[in-house]
Every structure is written in structure tokens, then in C-alpha cells.
2 protein chains.
Amino acid sequence: MQTTSPNAGRPRRTDPDDALESAMRIFWAHGYEGASVGRLSRGMGVPRAGIYRDHGCKRGLFLASLDRYGATRVPPLMAAFDGDAPPARALRDFLGRVIELGTTDPDTPGCLISCVLADAAGSDEAFRTEFRRRLDAMDRAIADRLRAMPRDALAAAPDALAPLVGATARGLMLRARAGDPAAELLPLAATASRIWCNDPAVRHE
Amino acid sequence: MQTTSPNAGRPRRTDPDDALESAMRIFWAHGYEGASVGRLSRGMGVPRAGIYRDHGCKRGLFLASLDRYGATRVPPLMAAFDGDAPPARALRDFLGRVIELGTTDPDTPGCLISCVLADAAGSDEAFRTEFRRRLDAMDRAIADRLRAMPRDALAAAPDALAPLVGATARGLMLRARAGDPAAELLPLAATASRIWCNDPAVRHE
DNA sequence: TTGATTTGAGAACGAGCGTTCTGCTAGGCT
DNA sequence: AGCCTAGCAGAACGCTCGTTCTCAAATCAA
């Protein structure tokens with residue numbers, strides 16, 4: 001977006017992508033209000049002034065962290081619907097990836113959007129709009145994937161089932177935030193995916 | 001718990017129950033970190049020193065607020081399972097009450113536990129334990145109600161379905177936090193309750 | 001009325017907040 | 001070599017935080 005300046009100046013101590021990744025993880029762990037600029041600066045390896053130069057203010061850094069989260073953490077979830085696995089298998093895989101994201105790193109339990117942005121959205125209109133925008137985007141993406149599945153494979157119409165899948169995924173993220181290990185959550189993914197799909201042979205275990 | 005003192009002292013300006021209700025709503029709206037003691041004191045109608053006299057510290061007031069939430073907001077949800085309505089009806093009623101709780105007052109969107117305590121649980125061990133304790137209690141209560149339903153009425157075993165019902169309810173609370181109106185969420189309750197119950201006559205609309 | 005007791009109102013405290021500023025440093029350019 | 005640029009390190013700003021303290025006000029007992 002910008003040509004290199006004639007004189008390059010001192011190089012950055014930390015790669016901007018790495019710095020943003022660190023910031024995202026600090027927000028993820030401590031919440032928006034709980035993550036102080038001092039802690040962010042130290043964790044990012046960027047001086048305080050550098051944060052304001054790059055993102056304007058703490059809010060800007062948080063919004064950039066949300067963008068990074070959406071760009072790096074969400075696509076691997078949706079990839080569960082790639083390929084042509086049976087619907088029940090794809091849905092179980094999707095929830096499995098959700099559980100993995102929420103439980104893999106004990107320092108960042110749950111989901112930056114469902115657990116952190118949700119809190120910030122309580123009384124801040126801009127954050128609430130951002131929150132809603134991201135929920136809608138994910139549910140719409142899920143609906144797109146469900147619509148591509150064979151008709152009558154699902155227990156409800158794709159547009160009706162999609163927000164239910166999204167809500168369930170977020171409920172699992174809250175469980176992950178509480179420290180539940182993946183092994184305790186994966187059976188939930190199996191039950192949910194089974195119930196969501198029309199497979200008369202294996203109803204009520 | 002204590003006998004009246006020989007000399008009664010100056011009466012309180014605000015009833016302690018009303019004060020705690022106000023504190024709970026302020027935490028609900030602004031989150032744990034976002035609710036300052038100054039704002040709490042003003043909103044409660046209790047001087048700062050009174051908060052520390054009654055609850056020890058800000059954490060103590062938050063925990064007391066959680067207790068009040070659990071005592072006043074949760075039982076009306078579980079009451080959906082009273083009576084002998086058909087399982088699908090009871091489950092839909094339950095989610096309907098969840099939606100109502102999360103959307104009725106725009107100043108306190110969503111759920112104090114699922115949206116506020118969840119954030120605080122990220123890096124605070126005590127809050128995480130408290131969070132998990134409350135999630136477990138609710139899922140156990142749901143399981144008790146599901147077990148009382150006629151066998152083979154549900155699409156999965158009660159103990160397997162209960163945490164799924166809990167997770168879905170919390171996902172709806174996040175939607176409420178984002179500002180979704182009840183009218184947009186109620187169809188989700190209908191779809192979920194239908195899918196959770198074995199009613200072959202009305203599968204895939 | 002007086003004394004004991006409990007609360008209210010608000011000042012005060014040190015610490016930490018988000019944000020900005022000041023020199024100094026490390027590179028590329030000429 | 002000397003200049004220009006951009007970033008670093010850390011001090012500094014005013015403000016708000018959670019917490020504590022002080023003193024006047026209000027009630028009951030004697």
C-alpha cells in the first residue's frame with residue numbers, strides 16, 4: 001500500500017504480525033478491560049508509542065486483534081465442511097475443531113469473540129455492533145455449507161439449523177472457557193451432530 | 001444470623017437486597033472489570049465503605065451478585081419443566097424463558113454468567129472454578145428434568161442431551177448479548193426443541 | 001439528654017490506567 | 001562520513017482505579 005521510504009529508518013524489534021498475534025492472545029486471556037496497555041506493550045515487544053502509531057488506541061488494537069482472530073482461527077473451523085464427507089461427519093468435525101480451538105492452549109481458553117468480545121459488547125455500542133456482525137458472518141457461512149448438503153440429510157432446513165449450530169458451537173466455547181478438557185466435550189459434538197442429521201438407523205442410542 | 005444490637009445505629013439509606021440487585025445489574029451491563037467501585041457505589045446507593053463492610057472487596061460483591069443472579073434469575077428458567085407438558089413443549093418453553101431473560105432489559109443483555117463471568121474466568125483461577133461450578137449445576141439440573149421425561153421421548157439419552165441443551169441456551173444468551181431481539185431468537189427455540197425430541201411426524205419441516 | 005453505635009458523605013491514598021512526549025539508537029541514502 | 005528517517009526505551013501526563021480513613025448524622029438505650 002506504500003512504497004518504501006527513501007531512507008528506511010531503524011528496523012522494528014518485533015515483526016508486526018507476531019506482535020498482533022501476541023496482543024490477540026493477551027486480550028483472549030485477560031479480556032478487553034483486563035488487558036492493560038502496559039501488559040500488551042511488554043507482551044508484544046513493541047513500545048507503547050508503537051501501539052498508538054500502528055493502531056491509534058487500545059480499541060484499535062483490539063479490533064485489529066479481532067480481525068486477526070477471524071483471519072487465522074475461523075477458517076480452519078469452516079474447513080471441516082470441505083470435501084464431501086457425510087453431513088453428520090462434517091458437523092461433528094466442525095464441532096471437534098471448535099473444541100480444539102477452545103481447549104488446546106490453557107492460556108487462551110474459549111473463544112476471543114464468544115467470551116471476550118461478548119463481555120465488552122454489554123454496554124459499548126460499537127463493540128456490540130462488531131459482535132453481532134461477526135456472529136452473523138459465521139452463521140451465514142455455516143448456512144452456506146449446510147445448503148450445499150444433500151436435501152433431507154438434515155433434521156431442519158439449512159437456514160433454520162445454521163444458527164443453532166452456531167449457538168451450540170459458542171456454548172461449547174463457554175465450556176472450554178470454564179476449563180473443561182476436550183475429552184469431556186467431544187461426546188457432546190458426537191451427540192449434537194447425530195441429532196442434527198436424519199439418520200433413522202441410529203436414533204435414541 | 002445476628003441478634004439486634006442494644007443500640008441500633010443509623011438506618012441504611014438503601015435496602016441491602018435492592019443494593020445487591022443494583023450491583024448485579026451494573027456488573028451484568030459493564031462486566032467485572034468495566035464496573036468500577038465508584039459506579040457501583042453510586043448505583044447501589046451505598047457508600048464505598050459500606051461495600052467493603054458488607055462484602056470485603058469488589059470480588060466479594062461480584063460473587064454475591066452471582067449468588068443473587070442464581071437465586072432470582074435461574075429458577076424461573078427451570079420452572080419451564082414443571083407441570084407435565086410434552087417434552088418438546090417444555091424444552092421450547094425453557095429456551096423461550098432463556099431468550100426472555102437475555103433480551104427483556106436492553107441495559108442488561110445476555111447472561112451474567114455466560115457473558116460476564118465467562119470473560120473474567122479467562123485468567124482468574126477462582127472465577128474459572130466458580131464459572132465451571134455454575135455451568136455444572138445448571139446442566140445437572142437440566143439432566144434431572146430430562147430424566148423425569150418419558151423414555152424414548154428424547155433424541156438422545158438425558159445425560160448426553162442435557163449439556164447440549166445447556167450449551168444451546170448459552171449460545172442464545174450470546175445472541176441476546178449482541179442485541180438480537182427475542183422475535184429473531186424464538187424460532188431457534190422452536191427448531192431446537194423439535195430436533196431434540198423424537199416426533200417423527202414433523203421431521204424436516 | 002447523654003452516650004453508644006452504626007451509617008452516610010466524601011476526602012485521601014498509592015497504584016495503575018490510557019496516552020503522550022523526549023532523547024537516544026539503528027539503519028539506508030548520498 | 002554525515003544526514004534523514006523510523007523505532008526504541010522509558011519518563012511523564014492527568015485521570016481513574018480499588019481501598020481506607022475521617023467526621024458528621026441518625027437511631028436506640030438509659
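These values consider heavy atoms only, across backbone and side chains, with no hydrogens, waters or symmetry-generated copies. None of the values given here were measured: they were computed from a predicted structure. All chains are named by letter (A, B, ...) in the order of the sequence lines, taking the proteins before the strands, and each is independently numbered beginning at 1.
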Rounded interatomic separation in angstrom, taking CD1 from B:Ile51 and P from D:dC17: 13 Å

Note: A:Arg97-A:Asp93 ion pair, threshold 4.0 Å (strictly below): yes

Spacing of B:His30 atom NE2 relative to D:dG18 atom C1', expressed in whole Å: 18 Å

Cationic N near anionic O, under 4.0 Å, B:Arg89 to B:Asp84: no

Residue-level proximity of residues 16-28 of chain B to DNA chain D when a heavy atom falls under 4.0 Å: none

Distance, rounded to the nearest Å, where A:Met44 contributes CE and D:dA9 contributes P: 13 Å

Lys NZ or Arg CZ of A:Lys58 over A:Phe27 ring: under 6.0 Å, within 45°: no

Salt bridge present between B:Asp144 and B:Arg147 (N-O < 4.0 angstrom): yes

Heavy-atom side-chain contact between B:Pro16 and B:Asp54 under 4.5 Å: no

Partner set under salt bridge (Lys or Arg N to Asp or Glu O under 4.0 Å) for A:Asp124, not counting sequence neighbours: A:Arg59

Under 4.0 Å protein heavy-atom contact, by nucleotide of nucleotides 14-26 of chain C - B base, S sugar-phosphate only: ---SBBBB---BB

Side-chain donor or acceptor of B:Ser114 paired with backbone N/O of B:Met173 under 3.5 Å: no

Value in whole Å for how far the P atom of D:dT19 lies from CZ of B:Arg53: 16 Å

Interatomic distance, B:His55 NE2 vs D:dT20 P [rounded to whole Å]: 15 Å

Ring pair (Phe, Tyr, Trp, His ring centres under 6.0 Å) partner of A:Phe62, chosen from A:Tyr32, A:Trp28, A:Phe131, A:Tyr69: A:Tyr32

Under-4.0 Å side-chain N/O to phosphate OP1/OP2 contact, B:Arg13 with C:dG8: no

